[in-house]
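A short worksheet on the structure shown next.
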Amino acid sequence: MISQSLESGVRILRFDRPEKKNALTGEMYTALAEAFETVNDDESVRCQLICGHPGAFTGGNDISDFLSYAGKVEMSETPVVRFLRALARNEKPLVAAVDGVAIGIGTTLLMHCDMVFAAPNAIIRSPFVDLGLVPEAGSSLLGPMLMGHARAFELLCLGKTFSAEKAEKAGLVNEVVDDAEAVAKACALEIAAKPSEAMRLSRKLLWGDTKPLEQRVEEEAEIFASRLTAPETIAAFQAFMTKKAK
Ligand code: COA
């Protein structure tokens with residue numbers, strides 16, 4: 001459910017579960033974790049492009065998955081945290097193409113990208129607090145750095161939807177374009193064609209020390225895990241499942 005291909009040094013990772021708006025399951029996180037754990041030492045990959053389908057980048061973490069492991073497994077051992085750790089350690093350029101919904105991790109993942117292209121229909125939202133949860137993927141650190149506290153609060157705590165245009169103004173998106181995937185792919189190929197070591201070193205300088213990011217991923221995961229069994233969280237998940245059943 002994560003399809004992968006390699007083209008001229010660009011590894012394309014596609015969320016491939018369109019019937020569920022590309023909601024991410026444990027199996028999908030494991031595939032993503034494997035891709036990000038190996039990419040730094042894989043010379044055949046000079047850039048990664050992450051995308052979904054028309055109308056769905058991703059609907060975020062699969063909510064029934066949340067319900068199945070809440071309180072039963074150690075959060076730090078879940079595929080999602082394995083993926084987030086690898087993402088925080090990523091050293092290769094990462095480009096995203098957002099078409100349609102980018103919810104939860106679909107939003108916070110963008111903060112780890114070097115270039116983000118969004119179609120005009122993009123819906124960028126992270127309803128963590130509404131679900132009784134807290135921001136993840138290091139977004140509580142990256143969000144304010146990227147867009148300032150006020151906009152990060154609006155997105156990550158208030159759960160407001162950012163349109164493609166608003167996300168561009170906030171600095172989360174580079175450009176709003178009709179065919180986000182085609183433009184993002186052209187950008188990824190352009191990155192891959194540049195001298196790879198100079199690109200890697202330059203990117204590293206721009207990102208700086210990633211230790212605080214890695215540490216924040218762990219801190220968030222610990223709080224997130226404790227929230228999964230909170231009554232307000234369980235009520236929010238059940239409300240989603242009930243709405244779905246109707
Ligand atoms: N977890 C589980 N299933 C999800 C999902 C998620 N995060 N996102 C979408 N789906 C499923 C829906 O339940 C539905 O399944 P069904 O056809 O079996 O009923 C299918 O994907 C299509 O979604 P639907 O809600 O009909 O599409 P929509 O265009 O009306 O709305 C979303 C799309 C993404 C806005 C909406 O599904 C949604 O709000 N999902 C939850 C997002 C969320 O809270 N994610 C967690 C963030 S931490």
Side-chain angles (χ1 to χ4, degrees), residues 1-2 14-32 50-71 73 75 78-84 87 96-112 118-140 142-143 152-164 166-167 172 180 216-217 220-230 232-246:
M1 285 181 280
I2 297 290
R14 187 182 304 281
F15 301 130
D16 208 358
R17 197 187 174 211
E19 71 287 359
K20 294 286 180 188
K21 299 283 172 189
N22 295 332
L24 296 166
T25 60
E27 193 187 325
M28 292 162 85
Y29 282 123
T30 299
L32 289 168
I50 197 149
C51 56
H53 288 276
F57 180 60
T58 169
N61 201 107
D62 188 290
I63 289 183
S64 39
D65 250 35
F66 269 151
L67 280 167
S68 69
Y69 64 69
V73 292
M75 187 75 188
T78 55
V80 56
V81 175
R82 182 179 161 199
F83 164 56
L84 296 181
L87 185 63
V98 180
D99 190 303
V101 290
I103 317 281
I105 194 154
T107 295
T108 55
L109 171 59
L110 303 180
M111 297 176 191
H112 292 259
N121 69 350
I123 291 173
I124 296 170
R125 182 164 69 228
S126 51
F128 298 118
V129 172
D130 293 321
L131 291 170
L133 297 169
V134 295
E136 37 67 321
S139 60
S140 62
L142 295 177
F153 184 90
E154 191 180 346
L155 183 68
L156 297 170
C157 297
L158 210 48
K160 289 285 182 198
T161 296
F162 279 23
S163 63
K166 182 157 178 161
L172 187 60
R216 186 62 65 94
V217 165
E220 290 170 345
E222 203 175 309
I223 304 172
F224 198 98
S226 72
R227 297 299 306 164
L228 280 175
T229 49
E232 57 191 13
T233 309
I234 292 170
F237 289 164
Q238 280 168 349
F240 177 78
M241 301 309 284
T242 310
K243 198 170 126 207
K244 198 170 119 69
K246 277 183 189 161

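Residues take their numbers from the sequence shown, with the count starting at 1. Atoms within each ligand, like the ligands themselves, are counted from 1 in listed order.
Although no hydrogens or angles enter the test, the distance criterion places a donor-acceptor pair under 3.5 Å between the side chain of Thr30 and the main chain of Gly26. Ser126 places no side-chain N or O within donor-acceptor distance of the main-chain N or O of Gly159, the cut-off being under 3.5 Å. Of the possible donor and acceptor atoms, one in the side chain of Glu220 sits under 3.5 Å from a partner among the backbone N and O of Gly138. Between the side chain of Arg17 and the backbone N or O of Met1 there is no donor-acceptor pair closer than 3.5 Å. Judged purely by atom type and a 3.5 angstrom limit, Thr242 uses its side chain to pair as donor or acceptor with the backbone of Gln238.
At a heavy-atom distance under 4.0 Å, only side-chain atoms of Leu131, from C-beta outward, approach ligand 1.
When Thr58, Asp65, Asp62 are each tested for a side-chain contact (heavy atoms from CB on, under 4.5 Å) with Leu24, only one passes: Thr58.
Scanning the protein heavy atoms around atom 19 (O) of ligand 1, the nearest turns out to be Lys244 CG, 3.6 Å. The protein atom (non-hydrogen) at minimum distance from atom 28 (P) of ligand 1 is Lys21 CE, 3.9 Å. Ranking protein heavy atoms by distance to atom 5 (C) of ligand 1, first place goes to Ala23 CB, 3.6 Å. Among all non-hydrogen protein atoms, the one lying nearest atom 41 (C) of ligand 1 is Phe240 CE1, 3.5 Å. When only non-hydrogen protein atoms are considered, atom 7 (N) of ligand 1 lies nearest to Asn61 O, 3.0 Å.
Between Ile63 and ligand 1, an N or O atom pair is found at a separation short of 3.5 Å. For the pair Arg125 and ligand 1, the shortest N or O to N or O distance does not fall below 3.5 Å. Residue-to-ligand polar distances keep Gly104 apart from ligand 1: every N/O pair is separated by 3.5 Å or more.
Closer than 4.0 Å to atom 36 (C) of ligand 1 lies none of the heavy atoms of the protein. Shown here, atom 2 (C) of ligand 1 is in close reach of the protein: a heavy atom of it lies under 4.0 Å off. Within a 4.0 Å radius of atom 13 (O) of ligand 1, the protein contributes at least one heavy atom. There is no protein heavy atom closer than 4.0 angstrom to atom 32 (C) of ligand 1. Less than 4.0 angstrom separates atom 26 (O) of ligand 1 from none of the non-hydrogen atoms of the protein.
Judged by the 6.0 Å and 45° rule, Lys166 forms a cation-pi pair with Phe162.
For atom 43 (C) of ligand 1, the nearest non-hydrogen atom from the set Gly60, Gly159, Gly100, Gly59 belongs to Gly59. The closest non-hydrogen atom to atom 10 (N) of ligand 1, taken over Glu19, Met241, Lys20, comes from Lys20.
Heavy-atom proximity to Ile103, at under 4.0 Å, picks out these atoms of ligand 1: 42 (C), 43 (C), 45 (N).
When side chains are defined from C-beta on, Thr108 does not count as touching Leu142, because their heavy atoms never get closer than 4.5 Å. The closest side-chain heavy-atom distance from Pro127 to Ile103 is below 4.5 Å.
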Phe128/Glu136 under side chain to side chain contact (heavy atoms under 4.5 Å, CB included): CA gap, chis, key distance, verdict: CA-CA 9 Å; Phe128 298 118; Glu136 37 67 321; 3.6 Å; yes
Stepwise ring-ring contact (aromatic ring centres under 6.0 Å, His included) check, Phe66 with Phe224: CA-CA 11 Å; Phe66 269 151; Phe224 198 98; 5.7 Å; yes
